[in-house]
There are 2 protein chains.
Amino acid sequence: MSTKCKNCPLRQHALFTKMTSDEVRFTQKFKKGELTIDAGTPLMMEGSNSPQLYTALSGMGIRYKTLEDGKRHVVNFVFPGDFIGLQAGVMNEMYHSVDAVTRMTLCVFDRKELWSFFRNHPERAFDLTWLAAIEEHFLGEALAAVGQRSATERIIWAFVRIFQRGTELGLVDQNRMPLPYRQQDLADALGLSLVHTNKTLARLRDRQLAAWSDGYLTINDLGRLAQEGDMTLEPLPTRPLF
Amino acid sequence: MSTKCKNCPLRQHALFTKMTSDEVRFTQKFKKGELTIDAGTPLMMEGSNSPQLYTALSGMGIRYKTLEDGKRHVVNFVFPGDFIGLQAGVMNEMYHSVDAVTRMTLCVFDRKELWSFFRNHPERAFDLTWLAAIEEHFLGEALAAVGQRSATERIIWAFVRIFQRGTELGLVDQNRMPLPYRQQDLADALGLSLVHTNKTLARLRDRQLAAWSDGYLTINDLGRLAQEGDMTLEPLPTRPLF
DNA sequence: CGAACTATTGACACCCCTCAAGACCCGTGG
DNA sequence: CCACGGGTCTTGAGGGGTGTCAATAGTTCG
């Protein structure tokens, strides 16, 4: 998997903004290379202490926690550009697992090198904190959705956020974007049963609000969908410029 | 409210570890003072962009998001030592509100000064990121609890975490700690109705597992409680030393 | 002494979960 | 080629956990 890695996320994705050429040179050092893994491969495991951090270059994954009684909660869907392993980087342990859902290619970094990088480039450390704050914001919204919204509203909430994210990433074409997960994954993310999720999806499809089948999500009128789900269509948070 | 502020959290709470005397001197500069507010006072508002950050010195508060349809989700209970406003500090906006539930005294910082502080003391910037990661960890666990656990299990989960936190802060005396919230607050935190929360609390009381009344939470056997709630009694995450 | 707030309890309804069975798809192996 | 198994999606039936409504009691405060 050796490449020039022109589109290494260190240059372009949200984490690193306005890098100086000196910094870019520096990053070459701790980028260890690229990694490609097949669909279904576990990338990080709850309780482990991986010395590596990743950013997703392509493909999709899933982030989840496993409860004591075996139940699973899906915390997040991993999309290209996402940073993986920040927790293990800062704490000494991962508190959720990450699996590949499709074949994925990842940028690999060494944890220790990353710290020295931030030590030498304090401006960049802010980017990391910003990333963590974004995560926090998302989790807070998810918590509120799972806690307060009905099944239909939860699914609509998830679809709207996913679609916004997909638009941002250029994955949407003709009101349609790839979403290669199982209904069970969505159910586990929203705290719903598989059966009820299925029936709710069918209802959304019948009402022409959103159709998710064969790994593709189609939404013709995002505004109408959001309205049906009692949510205002705010843009995703963006990186403030200092 | 002028005081010497010997126990300013900049010196002792989790955020700042092992400060050099130089750093301590520096922090004096951006600490703007102390603030005391009465019970019920809003401290930060969703959508606002407060130029101030706080850490709670004493008293308790509540962090919540308000949904479009007026429902409220309680994200977290604010205890002494907690940092308030990190999100507004990093993003340009708060995405949840914070109210005082009892009379609170707070340490006030200036947002801008804080950034320059971290710029000049990169080691300390890591502390901030660590704080954000802790928040993320907590929210992930809350999300999984609300998504996957039954009403009884959710309440047990909340009680165990609160009691652990209280123990850490030295608030527990004779298996009893102050918890000055309403049942409605807990209900809104766990995605339950007030009535069902009340009945579940009564059942826990009858079974001698946990009693919460008159603003005090009593747990005689934390291990047994955790066991009844299908959770393993792990210690709260602690700051790794580098 | 009434107003406002919170806790408590009962009755009832319904959303959502569980169980179960079938359909469809795809791989593998006989 | 077809049989078979595993995985996912789909649909129906029934039950239980939880929400909603409503009324009472206790407390605080003006």
Side-chain angles (χ1 to χ4, degrees), chain A residues 38-40 62 67 69-74 99 101-102 145-158 178-207 210-218 229-230, chain B residues 38-40 62 67 69-74 99 101-103 145-158 178-207 210-218 228-230:
Chain A
D38 278 331
I62 195 167
L67 301 208
D69 57 8
K71 278 182 287 194
R72 177 185 78 146
H73 189 92
V74 170
D99 286 3
V101 159
T102 66
V146 172
Q148 310 297 331
R149 309 186 100 106
S150 71
T152 306
E153 289 170 337
R154 286 185 223 180
I155 292 183
I156 289 180
W157 171 80
L179 193 65
Y181 299 91
R182 298 168 303 154
Q183 295 185 351
Q184 181 75 65
D185 296 325
L186 184 64
D188 287 346
L190 299 177
L192 298 170
S193 73
L194 168 62
V195 174
H196 196 62
T197 300
N198 178 290
K199 288 172 180 169
T200 307
L201 286 172
R203 234 170 289 130
L204 289 179
R205 215 176 299 131
D206 291 347
R207 295 171 60 194
W212 178 33
S213 57
D214 305 313
Y216 281 85
L217 172 64
T218 306
D230 253 311
Chain B
D38 279 330
I62 195 167
L67 301 207
D69 56 9
K71 278 182 287 194
R72 177 185 80 146
H73 189 92
V74 170
D99 285 5
V101 159
T102 68
R103 163 176 286 251
V146 172
Q148 309 298 330
R149 308 185 101 106
S150 72
T152 305
E153 290 170 336
R154 284 183 225 182
I155 290 183
I156 290 180
W157 172 81
L179 194 64
Y181 299 91
R182 297 168 303 155
Q183 295 184 352
Q184 182 74 65
D185 296 326
L186 184 63
D188 287 346
L190 299 177
L192 298 170
S193 73
L194 168 62
V195 173
H196 196 62
T197 300
N198 179 289
K199 288 172 181 169
T200 307
L201 287 171
R203 234 170 288 130
L204 288 179
R205 215 177 299 131
D206 292 346
R207 295 171 61 195
W212 178 35
S213 57
D214 304 313
Y216 281 85
L217 172 64
T218 306
E228 288 289 323
D230 253 312

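Every chain is numbered from 1 and lettered A, B, ... according to where its sequence line falls, protein lines coming before strand lines.
Protein atom CG of B:L204 is 12 Å distant from nucleotide atom P of C:dT8, rounded to whole Å. Atom CG in A:D188 sits about 15 Å away from atom C1' in D:dC9, given to the nearest Å. We find that CG of B:D214 is positioned 10 Å from C1' of D:dT27, with the value rounded to whole Å. Atoms CZ (A:R149) and C1' (D:dG19) sit 18 Å apart, rounded to a whole Å. In this structure, the NE2 atom of A:H196 is 15 Å from the C1' atom of D:dG16, given to the nearest Å. The nearest whole Å value for the distance from the CG atom in B:D185 to the P atom in C:dC5 is 14 Å. Residue A:Q148 contributes atom CD, which lies 10 Å from atom P of D:dG19 at whole-angstrom precision. A straight line from CG of A:D206 to P of D:dT11 spans 8 Å, rounded to a whole angstrom.
Look at B:R182 and you won't find any side-chain N or O under 4.0 angstrom from OP1 or OP2 of D:dT27. The shortest distance between the side-chain N/O atoms of B:N198 and the OP1/OP2 oxygens of C:dT8 is below 4.0 Å.
Formation of a donor-acceptor pair under 3.5 Å by the A:E153 side chain with backbone atoms of A:A145 is not found in this model. A side-chain donor-acceptor contact under 3.5 Å links A:R154 to the backbone of A:R149. Remark: the backbone N or O of A:Y216 is not paired with any side-chain donor or acceptor of A:D214 at under 3.5 angstrom. At least one donor-acceptor pair under 3.5 Å links the side chain of A:D185 to the backbone N or O of A:R182.
Side-chain atoms of A:K199 come within donor-acceptor range of the base of D:dG12, with a qualifying N/O pair under 3.5 Å.
Between the CG atom of A:L190 and the CD1 atom of A:I156 there is a distance of 11.5 Å, given to the nearest 0.5 Å.
Among the heavy atoms of the strands, none lies under 4.0 Å from B:R154. At the heavy-atom level, A:G191 lies under 4.0 Å from the strands shown only through sugar-phosphate atoms. Backbone-only contact: B:L192 has heavy atoms under 4.0 Å from sugar-phosphate atoms and none from a base.
For B:Q183, taking side-chain heavy atoms from C-beta onward, the closest of the listed nucleotides D:dT10, D:dT11, C:dT8 is C:dT8. Minimum atom distance to the side chain of A:A202 is reached by D:dT11, of the listed D:dT18, C:dT8, D:dT11. You'll find that the side chain of B:S150 is closest to D:dT18, out of D:dT18, D:dT20, D:dT10.
Where B:R205 and A:L194 each meet DNA chain C at their nearest nucleotide, the meeting point lying more 5' is that of B:R205.
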